[in-house]
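Because only heavy atoms are used, hydrogens play no part in the values below, and waters and symmetry mates are left out as well, while side chains stay in.
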Amino acid sequence: MTVEQAYQRTAPNFSPDEGSMRIHLYAMCWNEEFVLPYFLRHYSRFCEKMVFFDNESTNRSVDIIKSFPGAQVRSWSSGNQLNDQMHLDIKNSAYRESRGAADWVIVCDTDEFLYHPRLVDTLRRYQRWGINYPKVAGFDMVPDAVPAPDADLPLTYRDGVPTVWMNKHIVFSPQLDMAFHPGSHTAERPKGARSSLTRSLKLLHYKMINRDYFLGRDELMASRLSELNRSKGWGVHYSWPRETRSALYDEALRDRRRVV
C-alpha cells in the first residue's frame, strides 16, 4: 500500500462543523513525494483550502497533491534553482487572496506541521481575544525511523529538540501584511500584530526523519542553490560537509525528548 492510498483510507474529510473557523494553507513544494501524504493528511483535518506552489518537481509530488480533496497546485519556475528571493515574494503575498475568506492562514514548507491537541479551539480563542499573530514554539523532530504509510507523524513520532530558529510565525490573520526575511524563519513585526503571551502552538519540523533522508535531502537542496543564494549566504548550510551534517543529526538524536 502506498502512503497516499493509506491516506485515502484513513483521513477524515474537512467538515465545516469544526466551527465557523476557516483556515487556508499556502505551502512551498519541490520534489516532496515522501512527506506530502503525511503533510496533507495532517492539514486536511482543519484546512478548507490548501494551495501548493510547486517549483518544477520532477517526481510524483504534483500528482499526489492533486489526488487530495481541497488541494490545488500552482506551478512556478526558478530555472531549477533554489532562489530564496522568489520564495519570499510568494510567501509575502500569496496568502492575501484569503482576505475576507479566511480567519487564519498558514504559510509554511511541506516538512512543517503546525500542532496543538485542540488547534482549532485554540485559534478560535485567540481570535476572540484579538490575537492575530500567535507565538509558535519550534522543534526539530527526530523520529530516526521510516514511517509507516498510514502513520500520523505528530502522534506517532513525538520526540524532538527545541529549536529557536523554528519559532516561526507560520499562522496569522490574512489581514496582516507579512514581511518574512530570507529563509522565512524571522519576519518584520506587522503593523497591527497582536501576539499571544505564550507559545502554546507548536511547529514540528520533520526534516530529520532519519539520517539518510536528512543527509540526502540537504544534498539535493545544495545542488540547486542559485547564484543569488550563494552570494547572500542563504541556504549555504545545505552545502556543509556530510560529516558536519551527520554530526548535527547525532547531536539531535542524543538530545531529543518527548515534545508532543
Report yes or no: is the cationic atom of Arg224 (NZ for Lys, CZ for Arg) closer than 6.0 Å to the six-membered ring centre of Trp30, at no more than 45° off its axis? yes
What's the verdict on side-chain contact (heavy atoms from CB on, under 4.5 Å) for Leu204 and Leu153, showing C-alpha distance, side-chain angles and the deciding distance? CA-CA 9 Å; Leu204 310 181; Leu153 294 189; over 6 Å; no
Side-chain contact test, heavy atoms from C-beta onward, threshold under 4.5 Å: evaluate it for Asn31 versus Leu220 and give yes or no. no
For a 4.5 angstrom cut-off between non-hydrogen side-chain atoms, does Tyr43 reach Leu114? yes
With rounding to the nearest 0.5 Å, note down the distance linking CD1 in Ile106 to NE2 in His169. 14.5 Å
Grouping I, L, V, M, F, W and Y whenever their side-chain heavy atoms are under 4.5 Å apart, do Tyr38 and Met141 come out in a common cluster? yes
Treating Arg41 as the side-chain partner and Ala151 as the backbone partner, does any N or O pair qualify as donor plus acceptor under 3.5 Å? yes
So His42 and Phe46, would you call those rings parallel, tilted or perpendicular, with 30° and 60° as cut-offs? perpendicular
Could you list all the ring pair (Phe, Tyr, Trp, His ring centres under 6.0 Å) pairs where at least one residue sits in residues 225-260, not counting sequence neighbours? none
Asp121 vs Arg124, test: salt bridge (Lys or Arg N to Asp or Glu O under 4.0 Å). Steps then yes/no. CA-CA 5 Å; Asp121 286 343; Arg124 184 181 295 110; 2.7 Å; yes
From CG (Asp218) to OG (Ser239), nearest 0.5 Å: 9.0 Å
Using only heavy-atom distances, determine whether the side chains of Glu188 and His181 contain a donor-acceptor pair under 3.5 Å. yes
Scan residues 134-146 for pairs that pass salt bridge (Lys or Arg N to Asp or Glu O under 4.0 Å), counting only residues two or more places apart or in two chains. none
If you define the side chain from C-beta out and look only at heavy atoms, does anything of Glu97 sit under 4.5 Å from Tyr26? yes
How far does CG of Asn229 sit from CG of Asp84, to the nearest 0.5 angstrom? 4.5 Å
Side-chain contact test, heavy atoms from C-beta onward, threshold under 4.5 Å: evaluate it for Val107 versus Asn92 and give yes or no. no
Is there side-chain contact between Pro37 and Ile64, with at least one heavy-atom pair below 4.5 Å? yes
What heavy-atom pair brings Asn210 and Ala145 nearest, and what distance separates the two atoms? ND2-O, 3.0 Å
For residues Trp104 and Phe39: do they belong to one hydrophobic cluster (side chain heavy atoms under 4.5 Å, members Ile, Leu, Val, Met, Phe, Trp, Tyr)? yes
Indicate whether any N or O donor in one side chain lies under 3.5 Å from an N or O acceptor in the other, for Ser98 and Arg22. no
Heavy atoms, side chains only, cut-off 4.5 Å: are Leu36 and Ile65 in contact? yes
Qualifying salt bridge (Lys or Arg N to Asp or Glu O under 4.0 Å) pairs, either residue in residues 247-257, two or more places apart: Arg211-Asp250
Flag yes if Trp165 and Leu203 sit in one hydrophobic cluster, no otherwise; membership is Ile, Leu, Val, Met, Phe, Trp, Tyr, and two members link when side-chain heavy atoms are under 4.5 Å apart. yes
Would Met178 and Tyr133 count as a side-chain contact (heavy atoms from CB on, under 4.5 Å) if you check the C-alpha gap in whole Å, the side-chain angles of each, and the deciding distance to 0.1 Å? CA-CA 10 Å; Met178 292 297 294; Tyr133 192 61; 3.8 Å; yes
How close do Arg230 and Leu225 get, counting heavy atoms only, and between which atoms? NE-O, 3.5 Å
Check: Arg199 side chain, Val136 main-chain N or O, donor-acceptor pair, under 3.5 Å: yes
For Ser226 and Gln81, does a side-chain donor sit closer than 3.5 Å to a side-chain acceptor? no
Please round to the nearest 0.5 Å and tell me the distance separating atom SG of Cys29 and atom CG of Asn55. 9.0 Å
Quick check: closest heavy atoms across Tyr213 and Glu32, and the distance to 0.1 Å? OH-OE1, 4.1 Å
Test of understanding: clusters of I, L, V, M, F, W, Y form through side-chain heavy atoms closer than 4.5 Å, transitively. Do Met50 and Leu123 belong to the same one? yes
So, does Glu56 use its side chain to make a donor-acceptor pair with the main chain of Ser78 at under 3.5 Å? yes
Just one of Tyr157, Tyr206, Phe139 clears the ring-ring contact (aromatic ring centres under 6.0 Å, His included) bar with Phe113, so which one? Tyr206
Any carboxylate oxygen within less than 4.0 angstrom of a Lys/Arg side-chain nitrogen, looking at Arg99 and Asp177? yes
Evaluate the side-chain contact (heavy atoms from CB on, under 4.5 Å) criterion for residues His87 and Ser184: first the C-alpha distance (whole Å), next the side-chain angles of each, then the deciding distance (0.1 Å), finally the verdict. CA-CA 9 Å; His87 275 234; Ser184 302; 5.8 Å; no
In the structure I gave you, are the side-chain heavy atoms of Cys47 and His24 within less than 4.5 Å of one another anywhere? no
For Arg258, I'd like to know if atom CZ has over 12 heavy atoms of other residues, nucleotides or ligands within 6.0 Å. yes
Transitively linked via ILVMFWY side-chain contacts under 4.5 Å: Leu25 with Val73? yes
Side-chain donor or acceptor of Lys232 paired with backbone N/O of Gln85 under 3.5 Å: no
If we ignore hydrogens and angles and just use 3.5 Å, is the side chain of Ser57 paired with the main-chain N or O of Asp54 as donor and acceptor? no
When rounded to the nearest 0.5 Å, the distance separating CG of Leu201 from NE2 of His116 is 6.5 Å
Any donor and acceptor pair, going by atom type alone, linking the side chain of Asn167 with main-chain N or O of Gly138 inside 3.5 Å? yes
Short side-chain to backbone donor-acceptor contact, Ser196 and Thr198, under 3.5 Å: yes
Evaluate Lys207 against Arg217 for side-chain contact (heavy atoms from CB on, under 4.5 Å), listing each step before the verdict. CA-CA 8 Å; Lys207 180 181 180 179; Arg217 185 69 184 167; 5.7 Å; no
Heavy-atom check, side chain of Arg194 versus side chain of Trp129, under 4.5 Å: no
Gap between atom CG of Asp159 and atom CG of Leu253 - 0.5 Å precision: 9.5 Å
Would you find a donor on one side and an acceptor on the other, under 3.5 Å apart, between the side chain of Asp109 and the backbone of Glu112? no
Restricting to non-hydrogen atoms, name the atom on Pro154 and the atom on Tyr115 that form the minimum distance, rounded to 0.1 Å. CB-CD1, 3.9 Å
How close do Val105 and Ser173 get, heavy atom to heavy atom, and via which atoms? CG2-C, 4.4 Å
Would the distance check show the side chain of Gln72 and the main-chain N or O of Val51 forming a donor-acceptor pair, the cut-off being under 3.5 Å? no
State whether a side-chain donor-acceptor pair under 3.5 Å links Gln127 with Arg125. no
Is there a donor-acceptor pair closer than 3.5 Å between any side-chain N or O of Tyr95 and the backbone N or O of Leu176? yes
Identify the heavy atoms of Ser246 and Leu215 that sit nearest to each other, and give their distance. N-CD2, 3.8 Å
